[in-house]
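The analysis underlying the following values was restricted to heavy atoms, covering all of them including side chains, and did not include hydrogens, waters or symmetry mates. First the proteins, then the strands, lettered A, B, ... as listed; each starts at 1.
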Amino acid sequence: MAPYDHEAIERRWQDRWETERTFYVDEATDKPKFYNLQMYPYPSGDLHMGHLRNYTYTDLLTRYRTMRGYATMAPMGWDSFGLPAENAAIQTGVHPRESTEQRIGNMKVQLRRLGAVYDWDREVAAHTPEYYRWTQWLFLQFHDRGLAERRNAPVNWCPKDQTVLANEQVVDDGVCERCGTTVVKRDLEQWFFKITDYADRLLDDLEQLDEWPERVRTMQENWIGRSEGASFRMHVAGREDLSFEVYTTRPDTSFGMTFAVLAPEHPLVEELVTGTEYERPVLSFVADVVRESEIERLSVDKDKQGMFIGAHAVNPVNGREIPIYVADYVLMTYGTGAIMAVPGQDQRDWDFAKEHGLDIIRTVEPPDDFDGEAYLGDGPAINSEFLDGLPMAEAKERMIQWLEEQGIGERAVQYRLRDWLISRQRYWGCPIPVVYCPDDGVVPVPEDQLPVRLPHISDWRPAGESPLATVEEFVDTECPACGGPARRETDTMDTFVDSSWYFLRYVDAHNADAAFDRDKVDHWMPVDQYIGGVEHAILHLLYARFFTKVLYDMDLVGVEEPFAALFTQGMITRDGAKMSKSKGNVVAPDPYYDRYGADATRLYHLFMGPPTDDAVWIDDGVEGTSRFINRFWRVALETETTDRDETDADVELLKTAHRTIRKVTEDIERFSFNTAVAALMEYGNELRAYASDEPRTATFDRAVEYMTLMLGPMAPHVAHELWERTGHDSMLAQEPWPEWDPEMTVRERVTMVIQVDGKVRDRVDVDADITDDDARATALASERVADYLDGGEPARVIVRAPKLVNVVTGG
RNA sequence: GCGGGCGUAGCCGAACUGGCAUAGGCGCCGGACUUAGGAUCCGGUGGGUUCACACCCGAUGUGGGUUCGAAUCCCACCGCCCGCACCA
């Protein structure tokens, strides 16, 4: 018998799949399509075990769907723009393009060694002009539709390095990751995508995504953060010309308003204090708060700081005059930047009221046993004139109506979601295709001038502005409108823009005339299965959904949701932390490939635990899956087939095979790969037990075939090899995934459990179709039951034929 | 604070609809084959009684409840993880 030489076998099959283009999908087939997508990776260099889990799952599905007769498209590409390559360049002097392309080459080799197969004809890389040309084109489409907008916004600024920092570069307590200086906010003109225009649709359509994890949908829901209430205008007492708008989710509590609070950045603050005795202290306070880092400012534990600004506002519901404060706990970026404060029903207002000796009026009756401070629960309205006695929801409705009738305010909706700031003051990204002209202002680059190429530079050290700003031949250009001298935009786009549409490029990866062809999009979209890490549950998935909706509105794609089904796999941890290069706890796959082979390594990734859960890497785990493969190799090849008559053992073996096929198929369909592998191991044990005491028959050969096929998606090299060695043609011809025969999965005899008072006292072998009466009689006939009854009559007998009978003594 | 999840052997885990708890694997122990084994194979692996067959008992974070019957459902508590977090 040939020994199992995993190294030679794996190399041979990897060569064949590539040269025969086995998994390059044929579009001109009448097979149903299956778009199997994994989140395209950032080319970080070497793959480690933490990455392999994802690739193993995706590859399993590619192969499984192919075996099930689908035209399966499994593309691969690279999220190849981004900060790490640029930071490495700053340190090593190697150009990001060079290091990135080298890493891509490296990762392709490693994917191949895992036996992961893709349709490489569709490969895309975000940093290539062929790709980012269309990223730029999409930017222009967004711009045309008013969805890309230039606004002033604060950026993270390191005063020491004189540079803008990305959020990821602001670490711990708001300090620069390089020099440790406290980061400050600085205003810059920057580009935004108006994702908030789509907030409602992004929220509402989550409901359709019933093949997404509940958890991810909830996270997106919270992130969008829709809240409903009312907004109304409040006048400054004695100043008919001055007023401000407030937003509240609890208009029903308006009679409990005892003060109002403006955000420090609120324009009215300066206006109200100018020329008064409050001017100096208030403006000094405001300056202090604004200088604080965002992290400090938004810290919940911090005491609320604020002060009276010397003016009063009129509560429109009862005409009462209340003091106006400025305080750090009110944010200019949410709602209107001003609130009505109702300490009786809001804990933050309560804390502030206590601190400053302000009145507290309850407008909802708390329950008798309530001993907290602000009461947020439901209850009858009190101290609220026409609302008194109404429960919260009704009072809220009534007050909104009243505000609208009086023309004071209106129903209002607010979102936590903010517009997407896409400008990055960085080199290694997609240039924003815009020109600034002294005469024509902001001028988009015409489509026929795309791509705006990223110039090759050799000095990308940050120097107070985007590195591109130092490249004169890039910056100095002509205005596309008037032909006069103009300057190019020197910021690049957030890499999340690149990844918001790559799955559309895959369907038509080499189109030089369009981002993608509508017919091809219609053919392949939506993605049937998307697989990736849960760390992308919010941003990437939300942005990709947003893009798809915009493109749908532009009639460029025919679906509103890009990903029909989503699977998020857990992380691999080691020493209590996520496996990652920066944590220094990575395990390289190569020694495992060398010693056990890719198949055993893959099987262990599938087996180590529920795919959604985090899993601890255990070095010895691969031992088990390696033994399993070795044993099956021997069982499959070791003996000659005889033409002995079939026996009961053969029938039983075949039935076990069919039950295993059912279990493995169902487990794969529900992403329970660990139990699918366990079922195969169990089945392997059965095969060995059989082979050790029976000469093999045609039935046994069939049983081996089933195992080989089921291993096809999981341990593909050894499966293909055995398939060939046992005298078959290509494993992927036709639709080779085995079907189970329902009749063969039926058990004729089963073990019936007999309990006395809920404890198992006996087990009997019975016909699977035993009647309740017979089951009851069988149980009562048991000697063991008789012992426990001790001559008495059972009080009750519960029969669940054929599995169980429970005899209740009642004693 | 709000939202979501989890807790089963020495370890990873299985148990789908309330019905034999602990499948499968790792590790460990013993044995076989061997010059040798970190290869392979066989057996064992909660506790107790027993030469053995077998029998008994305990156990799913803790306490209570529902039920003939609970890892599973309900209540309270303890512990851990994830997301959001002064969002009005």
### Message
Determine whether the aromatic ring centres of residues A:Tyr543 and A:Trp420 are separated by less than 6.0 angstrom.
### Response
yes
### Ring-ring centroid check A:Tyr325 A:Phe352, cutoff 6.0 Å
yes
Contacts under 3.5 Å, N or O only, protein and nucleotides 64-70 of chain B:
residue	atom	partner	partner atom	Å
B:C68	OP1	A:Arg796	NH1	2.8
B:C68	O2'	A:Asn806	ND2	3.4
B:C68	O2	A:Asn806	ND2	2.5

### Task
Could you check A:Thr218 against A:Tyr247 and say which one's nearest nucleotide on RNA chain B is further toward the 5' end?
A:Thr218
Using only heavy-atom distances, determine whether the side chains of [X] and [Y] contain a donor-acceptor pair under 3.5 Å.
X: A:Asn630; Y: A:Arg627; result: no
X: A:Gln569; Y: A:Asn54; result: yes
X: A:Thr573; Y: A:Asp614; result: no
X: A:Asp351; Y: A:Tyr329; result: no

## Note on the structure
Those residues at least two apart in sequence (or on a different chain) that pass side chain to side chain donor-acceptor pair (under 3.5 Å) with A:Arg800 are none
#### Entry: All side chain to side chain donor-acceptor pair (under 3.5 Å) counterparts of A:Arg761, not counting sequence neighbours
A:Tyr788
Could you check if a side-chain atom of [X] sits within less than 4.5 angstrom of a side-chain atom of [Y], using non-hydrogen atoms only?
X: A:Thr778; Y: A:Ile770; result: yes
X: A:Met707; Y: A:Leu680; result: yes
X: A:Arg250; Y: A:Val342; result: no
X: A:Met752; Y: A:Arg763; result: no

Which whole-number value in Å describes the distance from [X] [atom1] to [N] [atom2]?
X: A:Lys803; N: B:A15; atom1: NZ; atom2: C1'; value: 11 Å
X: A:Trp223; N: B:C2; atom1: CH2; atom2: P; value: 21 Å
X: A:Phe607; N: B:C11; atom1: CZ; atom2: P; value: 17 Å

### Query
Regarding A:Arg416 and the six-membered ring of A:Trp223, is the cationic atom NZ or CZ under 6.0 Å from the ring centre and inside 45° of its axis?
yes
#### Entry: All side-chain contact (heavy atoms from CB on, under 4.5 Å) counterparts of A:Asp787, not counting sequence neighbours
none
### Message
Applying side-chain contact (heavy atoms from CB on, under 4.5 Å), can you list everything that pairs with A:Ala313, at least two apart in sequence or on another chain?
### Response
A:Met234, A:Phe244, A:Ile322, A:Ile324
Taking only distance into account, with no hydrogens and no angle test, what donor-acceptor pairs under 3.5 Å do side-chain atoms of residues 619-626 of chain A form with protein atoms, sequence neighbours excluded?
residue	atom	partner	partner atom	Å
A:Asp619	OD1	A:Tyr592	OH	3.1
A:Asp619	OD1	A:Trp617	NE1	2.9
A:Glu623	OE2	A:Tyr596	OH	2.9
A:Thr625	OG1	A:Ala600	O	2.9
A:Thr625	OG1	A:Val622	O	3.2

### Message
What contact category does A:Asp349 fall into here, base, sugar-phosphate, or nothing, at under 4.0 angstrom with non-hydrogen atoms?
### Response
nothing
### Task
Measure from the side-chain N and O atoms of A:Arg411 to the backbone N and O of A:Ala230, and report whether any donor-acceptor pair falls under 3.5 Å.
no
### Summary
Picking from B:C86, B:G27, B:A88, the nucleotide nearest the side-chain atoms of A:Asp328 would be B:C86
Distances for protein N/O vs nucleotides 38-42 of chain B N/O pairs under 3.5 angstrom?
residue	atom	partner	partner atom	Å
B:U40	O3'	A:Arg634	NH2	2.9
B:C41	OP1	A:Arg634	NH2	2.8
B:C42	OP1	A:Arg688	NH1	3.2

Any protein N or O atoms within reach of nucleotides 54-58 of chain B? Criterion: under 3.5 Å, listing atom names and distances.
residue	atom	partner	partner atom	Å
B:C56	OP1	A:Arg784	NH2	2.6
B:C56	OP1	A:Tyr788	OH	2.7
B:C57	OP2	A:Arg761	NH1	3.0
B:G58	OP2	A:Lys759	NZ	3.4

### Query
Reading RNA chain B 5' to 3', what string of ( ), [ ], | and . shows its pairs, if Watson-Crick and G-U wobble pairs count only when both distances fall under 3.5 Å?
(((((((..(((......[....)))((((((.......))))))((((....))))...(((((..]....))))))))))))....
When you compare the protein's N or O atoms with those of nucleotides 80-82 of chain B, which come within less than 3.5 Å of each other, and at what distance?
residue	atom	partner	partner atom	Å
B:C82	O2'	A:Arg215	NH1	3.3

### Query
Please, which pairs that meet side chain to side chain donor-acceptor pair (under 3.5 Å) have at least one residue in residues 604-613 of chain A, sequence neighbours excluded?
none
### Task
Check RNA chain B against residues 668-683 of chain A and give the residues with a non-hydrogen atom under 4.0 Å, in numerical order.
A:Arg670, A:Asn674, A:Thr675, A:Ala678, A:Met681, A:Glu682
